[in-house]
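Written out below as structure tokens is the structure these notes cover.
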Amino acid sequence: MSNQENSQDFKKSLGLLDATMLVAGSMIGSGIFIVSSDIARNTGSAGWLMVVWLICGFMTLAAALSYGELSAMFPKAGGQYIYLKEAYGPVVSFTFGWTFFAVIQTATIAAVGVAFAKFTAYLFPVLDEDVYLLVLGDYHISSAQVLAIAVIVLLTFINTGGVKNGKTVQTVLTLIKILSLVLLVIFGFAAFDLEVWNQNWSSEHMWNLQRLNTDGSTADYATFGAFGAISAALVGALFSSDSWHSSSAVAGEIKNPQRNIGLSLALGTLMVTVIYILTNLMYTGVLTIEEMASAPKDRVAMLVAQEIFGPVGIAILAIMIMVSTFGCNNGLILAGARIYYSMAKDGLFFKKTGTLNKNAVPAYALWLQAVIASIWCLTGKYGDLLDMITCVVVMFYVLCIIGIFWLRYKRPDVPRPYKAFGYPFIPAIYILMGISFIILLVIYKPQFTWPGIIITLLGIPLYYFVKQKDVKT
């Protein structure tokens with residue numbers, strides 16, 4: 001049975017609002033509250049901080065608007081996996097699916113779960129990552145890790161009850177966190193400090209591209225080192241804007257998918273991009289770039305909240321981030337399982353992950369994803385792996401967008417209800433920017449990029465092994 005036929009077994013329960021909230025909710029996690037500190041250290045000025053966020057916003061929007069063409073052509077459960085299969089064949093799509101399952105989605109779910117626990121600890125210190133429940137030599141399990149696993153299990157259970165359960169949690173929490181971020185921006189501009197703003201945006205400081213160390217010292221970049229600094233700064237920004245493609249993974253459950261997937265990608269990414277840019281602009285009116293760069297544990301938003309609301313600001317922001325990360329993980333969990341479902345329908349993954357339960361959701365895939373994410377929670381290595389796979393994530397985005405050009409040549413007769421915005425220029429610009437980003441990371445951050453590339457390349461021999469064994473489990 002084909003994917004198209006099987007997608008009809010899903011319930012068409014998601015409207016445009018639900019799909020848009022899935023996109024926005026999966027994008028907004030804890031990143032926007034943290035990564036600007038690292039970007040400030042890498043760039044050393046307000047002007048370059050905003051350039052990094054503008055580049056990130058352009059790349060995210062360009063990719064989302066380009067993906068609209070692919071989603072309209074192939075409105076099937078599986079999203080990126082389907083697009084890569086249609087453009088390049090099963091080896092490339094399996095390699096993506098393997099990396100997605102092994103690291104990209106599961107480690108991200110783990111990291112977001114632990115972020116939820118870390119910020120919950122501001123209200124309940126007993127849940128802090130430094131509170132150990134089990135110590136075995138150098139290995140330990142903290143209460144934060146246990147809480148992260150509990151949240152993953154809870155959200156997985158909710159999603160096994162049907163897509164309506166998942167969409168209700170997603171839509172409500174995303175609307176709450178969008179409203180909360182907008183209010184934070186408004187209150188932040190109300191607490192605007194003109195002296196701080198002038199210091200950040202003075203003509204002598206705003207375009208000084210330099211390394212800011214946490215002790216306040218600075219270091220100038222060599223000419224080519226500046227490119228490496230920008231690419232390193234982009235890692236955090238792109239990660240905090242990632243998972244914008246979530247609605248494409250649940251195409252089988254979206255009403256009028258040819259229209260609503262592309263529209264949800266455009267609306268969700270545009271909304272989040274505008275909020276992110278305004279949030280960072282607000283940061284520069286409340287904190288100096290040096291204060292942002294030296295924020296304890298990179299929690300720049302905590303410093304901002306204290307400036308705006310006083311001592312109660314930490315509690316307010318902790319609750320915001322708890323809501324944000326809880327909703328983000330719901331979206332990641334909901335969307336991720338549909339990729340493994342599509343792989344199983346092609347005979348390239350555990351057979352049971354290609355089945356739906358009585359509530360018309362891939363429950364086995366959901367629970368398998370929860371197990372791997374929980375294992376990542378226990379390793380404590382998810383943060384390192386997220387750095388490693390950022391360039392790999394962009395690599396697959398670039399391949400998908402190159403696929404638009406390739407499919408127009410190879411399969412010109414396939415109906416395209418929506419065509420990539422600004423084709424061929426905007427997709428081509430994204431491809432050039434994405435390739436440049438990957439090359440710069442390989443040159444300047446090899447310790448992060450090569451492990452991710454190796455994990456991905458392992459998918460090639462694994463594909464032939466799976467094909468030979470014909471997975472039956």
Between Ser248 and Gln80, what is the shortest heavy-atom contact and its length? OG-N, 4.3 Å

With sequence neighbours excluded, tell me which residues meet salt bridge (Lys or Arg N to Asp or Glu O under 4.0 Å) with Lys167. Asp18

Suppose we call two aromatic rings close when their centres sit under 6.0 Å apart. Are Tyr81 and Phe96 close by that rule? no

Going through the distances and angles, do Trp197 and Thr284 end up as a side-chain hydrogen bond (donor to acceptor under 3.5 Å, both in side chains)? CA-CA 6 Å; Trp197 177 269; Thr284 67; over 6 Å; no

Output, in order, the C-alpha distance, side-chain angles, deciding distance and verdict of side-chain hydrogen bond (donor to acceptor under 3.5 Å, both in side chains) for Tyr418 and Gln258. CA-CA 8 Å; Tyr418 167 88; Gln258 284 91 344; over 6 Å; no

In short, Asn42 meets Ala233 closest at the heavy-atom pair CB-CB, 4.0 Å

Above 12 or not: heavy atoms from other molecules or residues under 6.0 Å from CZ of Phe58? yes

Can you name the residues that form a ring pair (Phe, Tyr, Trp, His ring centres under 6.0 Å) with Phe116, not counting sequence neighbours? Phe326

Atom pair CG (Leu334) and CG (Asn329), whose distance is rounded to the nearest 0.5 Å: 11.5 Å

Side-chain donor-acceptor contacts of residues 449-456 below 3.5 Å, not counting sequence neighbours, with atom names and distances?
residue : atom : partner : partner atom : Å
Thr449  : OG1  : Lys445  : O            : 3.2
Thr456  : OG1  : Gly452  : O            : 2.9

Applying side-chain contact (heavy atoms from CB on, under 4.5 Å) to Arg338 and Val163, what does each step give before you reach the verdict? CA-CA 11 Å; Arg338 275 64 178 175; Val163 74; 4.1 Å; yes

Got Ile28 and Val272 here, is their nearest side-chain heavy-atom distance under 4.5 Å? yes

Are the side chain of Gln170 and the backbone N or O of Gly331 linked by a donor-acceptor pair below 3.5 Å? yes

Distance col, row Leu441:CG vs Ser436:OG, nearest 0.5 angstrom, shows 11.0 Å

Determine, step by step, whether Ser264 and Thr20 satisfy the side-chain hydrogen bond (donor to acceptor under 3.5 Å, both in side chains) criterion, reporting the C-alpha distance in whole Å, the side-chain angles of both residues, the deciding distance to 0.1 Å, and the verdict. CA-CA 4 Å; Ser264 68; Thr20 303; 5.1 Å; no

Between Thr174 (side chain) and Met21 (backbone), is there a donor-acceptor pair under 3.5 Å? yes

Nearest heavy-atom approach of Thr106 to Phe101 is OG1-O, 2.7 Å

For Ser324 and Gly29, indicate whether the former's side chain and the latter's backbone hold a donor-acceptor pair under 3.5 Å. yes

Would you call Ile439 and Tyr444 a side-chain contact if the rule is heavy atoms closer than 4.5 Å? no

Can you list the residues that meet the salt bridge (Lys or Arg N to Asp or Glu O under 4.0 Å) rule with Arg41, with sequence neighbours excluded? Asp38, Asp298

Can you tell me how far apart CD1 (Ile149) and CD1 (Ile375) are? Round to the nearest 0.5 Å. 9.0 Å

Taking the six-membered ring for Trp, is the centroid-to-centroid distance between Tyr423 and Phe405 below 6.0 Å? yes

Donor-acceptor pair, distance only, cut-off 3.5 Å: does the side chain of Trp376 make one with the backbone of Ala102? yes

Please name the pair of heavy atoms, one in Val35 and one in Ser240, separated by the smallest distance, quoted to 0.1 Å. CG2-OG, 4.1 Å

Would you mind reporting whether Val250 and Ile261 have side-chain heavy atoms less than 4.5 Å apart? no

Taking all atoms of both residues into account, what is the closest heavy-atom pair of Glu291 and Val286, and its distance? OE1-O, 4.4 Å

Please say whether more than 12 non-hydrogen atoms of neighbouring residues, nucleotides or ligands are located less than 6.0 Å from CD in Glu195. no

Is any side-chain heavy atom of Cys56 closer than 4.5 Å to a side-chain heavy atom of Leu234? yes

For Trp48 and Trp207, take the angle between the two ring planes, folded into 0 to 90°, and tell me which bin it lands in: parallel under 30, tilted 30 to 60, perpendicular over 60. perpendicular

Assign the ring pair Trp53 / Tyr276 to parallel, tilted or perpendicular, where the plane angle (0 to 90°) is split at 30° and 60°. perpendicular

Going from OG1 on Thr60 to CG on Asp242, what distance comes out if it is rounded to the nearest 0.5 angstrom? 8.0 Å

List the steps, then state whether side-chain hydrogen bond (donor to acceptor under 3.5 Å, both in side chains) holds for Ser202 with His205. CA-CA 5 Å; Ser202 65; His205 290 124; 2.9 Å; yes

Heavy-atom distance under 4.5 Å between the side chains of Thr120 and Ile321, does that happen here? no

With heavy-atom distances below 4.5 Å as the criterion, would you say the side chains of Lys255 and Leu14 are in contact? no

Using modelled atom types and a 3.5 Å cut-off, is there a donor and acceptor pairing between side-chain atoms of Arg299 and backbone atoms of Ala295? no

Strictly distance-based, threshold 3.5 Å: is any side-chain N or O of Ser241 a donor or acceptor partner for the main-chain N or O of Ala237? yes

Taking the side chain from Ser26 and the backbone from Val23, do they hold a donor-acceptor pair closer than 3.5 Å? no

Asn159 (side chain) donor-acceptor with Leu155 (main chain) under 3.5 angstrom: yes

Non-neighbouring partners of Arg259 that pass salt bridge (Lys or Arg N to Asp or Glu O under 4.0 Å), sequence neighbours left out: none

Does a sphere of radius 6.0 Å around CZ in Phe157 hold more than 12 heavy atoms from other residues, nucleotides or ligands, not counting ones at 6.0 Å or beyond? no

Heavy-atom neighbours of Phe425 CZ exceed 12 at 6.0 Å: no

Assess whether side-chain contact (heavy atoms from CB on, under 4.5 Å) is satisfied between Phe309 and Leu184, documenting all intermediate values. CA-CA 10 Å; Phe309 303 111; Leu184 180 66; 4.2 Å; yes

Using a strict threshold of under 4.0 Å (side-chain N to carboxylate O), is an ion pair present between Glu69 and Lys419? no

Any side-chain heavy-atom pair of Phe119 and Phe33 under 4.5 Å: no

Partners of Trp244 by ring pair (Phe, Tyr, Trp, His ring centres under 6.0 Å), sequence neighbours excluded? Tyr67, Tyr397

Reported CG-to-CD1 distance for the pair Asn280 and Ile32, which is rounded to 0.5 angstrom: 4.5 Å

Let's go through Tyr340 and Gln105 carefully: what are the C-alpha distance in whole Å and the side-chain angles of both, what is the deciding distance for side-chain contact (heavy atoms from CB on, under 4.5 Å) to 0.1 Å, and is it a yes or a no? CA-CA 11 Å; Tyr340 323 133; Gln105 197 77 345; 3.7 Å; yes

Side chain to side chain, Leu212 and Ser45, heavy atoms closer than 4.5 Å: no

More than 12 heavy atoms of other residues, nucleotides or ligands under 6.0 Å from CZ of Phe421: is that the case? no

Quick check against the 3.5 Å criterion: does Ser246 have a side-chain atom that pairs as donor or acceptor with the backbone of Ser243? yes

Hey, what do you get for CE (Met302) to CD1 (Ile316), rounding to the nearest 0.5 Å? 11.0 Å

Of all heavy-atom pairs linking Ile333 and Gln369, the shortest is O-NE2, 3.1 Å

Backbone N/O of Val131 and side chain of Ser142: donor-acceptor pair under 3.5 Å: no

